[in-house]
**Q** 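Structure below; questions to follow.
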Amino acid sequence: MDSFPSRILLTTLTILVVLVPPNAALLPSLDIQAGALLAWKATLSNQSQHALRSWGNMSTLCSWRGIRCGMRQHRPMITSIYLRGMRLGGTLESLDFSVLRTLTSLDLSCNSLAGSISPSIEVLGELHALLLQGNQIRGSIPPSLANLTKLHSLMLHDNQISGEIPRQIGKLSSLVSLNLSSNQLIGNIPCEIGNLMFLELAYSSRVTEKCDVYSFGVLKLELFMGHHPGGFLSSMADKSTPFEDLLDIGLPLPEA
C-alpha cells in the first residue's frame with residue numbers, strides 16, 4: 001500500500017499539472033533564443049553578417065539590432081524581431097521557430113530572403129504581426145498559418161509565392177490586414193475569407209458566385225481598383241447613383 005506522504009506528493013503534483021498552463025514550463029531561456037538567432041545568422045549572406053554585426057554577445061541579446069524583449073513568466077524573452085530593409089540574404093527554413101514562441105511581431109520585410117515559409121511557423125501562437133513582404137519567398141502558403149489565431153496583420157505581397165490561398169486562412173478571426181498581391185497565386189479567393197469580419201483584403205483575383213458577393217462589399221471594389229476604395233465610397237455618398245448600377249450585371253440582384 002502506498003504511504004500517506006506519497007499520496008500527498010502525488011496529489012500535489014496533479015494539482016500543479018492542472019494549474020500550470022501547458023506551455024508555461026516549456027518557454028526557452030534567453031540563451032537558447034540567442035543561440036537560435038546566431039545559428040540563423042551563420043546561414044545568411046556576407047552582407048547580412050555586416051548588417052547583424054551587433055549580434056554576438058549572448059548576454060546582451062535584448063540590445064541586438066532589431067531585437068525587442070518583454071517579460072514572460074517574470075523573466076525577459078524575445079517579443080519582437082524587426083529587420084525590415086536590411087538586405088538580408090538567406091532562407092526562412094534556417095530559423096528555428098520552436099524557440100521563438102514568445103514572439104508577438106516578426107518583420108523581415110523588404111530583404112532578399114528566399115526559400116519557403118515552413119509549416120513549423122505554426123508554433124508562433126502569440127504572433128500578432130507577420131510581415132514578410134518584399135522578399136523572394138517561394139512555395140505555397142502553409143495551411144498551418146491558421147494556427148496563428150492572434151494574428152492581426154499578415155503581409156506576404158511582392159514575393160514569388162505560388163499555389164492557391166488555403167481555405168484555412170478563414171480561421172484567422174483576429175485578422176485585420178491581409179495582402180497577398182504581386183505573387184504567383186492561382187485560383188479564387190476562398191469563400192471562408194468572408195468569415196473574417198475585420199479584414200481589409202488586397203489581392204488581385206476573382207470573386208466566385210458561390211460566395212455571397214454582396215457581403216464582400218468593399219472587398220469587391222478593392223479587388224477591381226487595386227486599393228482601398230475609401231475615397232470612391234466617400235464621393236458616392238453625395239451622389240444619387242442607384243445601388244443597382246454599382247453591381248455586377250452578370251449576377252442577380254440581392255433579395256431583400
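All heavy atoms count here, side chains included; hydrogens, waters and symmetry mates do not. By convention here, the first residue in the shown sequence is residue 1. Treat the numbers as computed from the prediction; the structure is a model and nothing was measured.
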**Q** So does Arg65 get a backbone contact from the side chain of Ser54, meaning a donor-acceptor N/O pair under 3.5 Å?
**A** yes
**Q** Would you say Ile141 and Leu185 make side-chain contact, with heavy atoms under 4.5 Å?
**A**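 Side chain of Ile141 against side chain of Leu185, heavy atoms only: contact under 4.5 Å found.
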**Q** Between Pro119 and Ser144, what is the shortest heavy-atom contact and its length?
**A**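 Distance-wise, the nearest heavy atoms are O-OG, 2.9 Å.
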**Q** Is there a donor-acceptor contact under 3.5 Å from the side chain of Ser182 to the main chain of His157?
**A**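 No, the answer is negative, given that no donor and acceptor are paired below the 3.5 Å cut-off.
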**Q** Take atom CG in Asn46; do more than 12 heavy atoms of anything else shown fall under 6.0 Å from it?
**A** no
**Q** Please check if the number of heavy atoms outside Arg72 that lie under 6.0 Å from its CZ is greater than 12.
**A** yes
**Q** Could you tell me whether the side chain of Leu132 reaches within less than 4.5 Å of the side chain of Leu113, counting heavy atoms only?
**A** no
**Q** Would you say the side-chain atoms of Gln49 pair up with the backbone N or O of Leu44, donor to acceptor, closer than 3.5 Å?
**A**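 Yes, because the side chain of Gln49 sits within donor-acceptor range (under 3.5 Å) of the backbone of Leu44.
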**Q** Is a side-chain donor or acceptor of Ser174 paired with a backbone partner of Thr149 at a separation under 3.5 angstrom?
**A** yes
**Q** At their closest point, which heavy atom of Arg75 faces which heavy atom of Met71, and how far apart are they?
**A**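 Closest approach of Arg75 to Met71, heavy atoms only: N-CE, 3.3 Å.
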**Q** Between Met155 and Ser177, is there a side-chain heavy-atom distance shorter than 4.5 Å?
**A**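 They are in contact (side-chain heavy atoms under 4.5 Å apart), so the answer is yes.
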**Q** Looking at every non-hydrogen atom in both residues, tell me the closest pair between Asp96 and Ala36 and how far apart they are.
**A** CB-CB, 4.3 Å
**Q** So, do Leu37 and Leu95 sit near enough that their side-chain heavy atoms are less than 4.5 Å apart?
**A** yes
**Q** Look up atom CG in Asp158 and atom CD1 in Ile137, then write down how far apart they are to the nearest 0.5 Å.
**A** 11.0 Å
**Q** Please round to the nearest 0.5 Å and tell me the distance separating atom CZ of Arg138 and atom CD of Gln184.
**A**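 Separation between the atoms: 7.0 Å.
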**Q** To the nearest 0.5 Å, how far apart are CG in Leu172 and CD in Glu192?
**A** 12.0 Å
**Q** Applying side chain to side chain contact (heavy atoms under 4.5 Å, CB included), run through Leu88 and Trp40 and close with a yes or a no.
**A** CA-CA 11 Å; Leu88 302 181; Trp40 180 56; 4.2 Å; yes
**Q** For Leu52 and Met86, run side chain to side chain contact (heavy atoms under 4.5 Å, CB included): C-alpha distance rounded to whole Å, both residues' side-chain angles, the deciding distance at 0.1 Å, then the answer.
**A** CA-CA 9 Å; Leu52 300 179; Met86 295 184 64; 3.9 Å; yes
**Q** Would you compute the distance between atom NZ of Lys171 and atom CG of Asn147 and round it to the nearest 0.5 angstrom?
**A** 8.0 Å
**Q** Just by modelled atom types, is the Ser109 backbone N or O under 3.5 Å from a matching donor or acceptor in the Asn111 side chain?
**A**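 At least one qualifying donor-acceptor pair exists.
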**Q** Quick one: does any side-chain atom of Glu93 pair with a main-chain N or O of Ser116 as donor and acceptor, under 3.5 Å?
**A** yes
**Q** Side chains of Leu108 and Leu92: does their closest heavy-atom pair fall under 4.5 Å?
**A**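 In contact.
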**Q** Looking at Ile121, is its backbone amide N or carbonyl O close enough to the side chain of Ser118 to form a donor-acceptor pair, meaning the two atoms are under 3.5 Å apart?
**A**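 It does not hold such a pair.
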**Q** Tell me which one of Thr79, Ile78, Leu83 satisfies side chain to side chain contact (heavy atoms under 4.5 Å, CB included) with Ile67.
**A** Ile78
**Q** Indicate if Tyr82 and Leu151 have the same hydrophobic cluster label, given that clusters are the connected sets of ILVMFWY residues with side-chain heavy-atom separations under 4.5 angstrom.
**A** no
**Q** Once you round to the nearest 0.5 Å, how far does CD1 of Ile81 lie from CZ of Arg68?
**A**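 Rounded to the nearest 0.5 Å, the CD1-CZ separation comes out at 11.5 Å.
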**Q** Could you grab the distance from atom CG of Leu106 to atom CG of Leu148, nearest 0.5 Å is fine?
**A**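 If we round to the nearest 0.5 Å, Leu106:CG and Leu148:CG are 10.5 Å apart.
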**Q** Judged by modelled atom types alone, do Thr102 and Gln33 share a side-chain donor-acceptor pair under 3.5 Å?
**A**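 Checked: Thr102/Gln33 side chains pair up, N/O donor to acceptor below 3.5 Å.
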**Q** Quick one: closest heavy-atom pair of Leu180 and Asn183, and the distance?
**A**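 It is O-ND2, 3.0 Å.
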**Q** If we only count heavy atoms from C-beta on, is the Met77 to Cys69 side-chain gap below 4.5 Å?
**A**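 Result no, sub-4.5 Å side-chain heavy-atom pair not found.
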**Q** Side-chain contact test, heavy atoms from C-beta onward, threshold under 4.5 Å: evaluate it for Arg101 versus Pro28 and give yes or no.
**A**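 The answer is yes, as the side chains (C-beta and beyond) meet within the 4.5 Å cut-off.
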**Q** What are the two closest heavy atoms between Gln133 and Asn159, and how far apart are they?
**A** CA-ND2, 3.7 Å
**Q** Show the nearest heavy-atom pair for residues Leu131 and Ser153, with the distance to one decimal.
**A**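 That would be CD2-OG, 3.6 Å.
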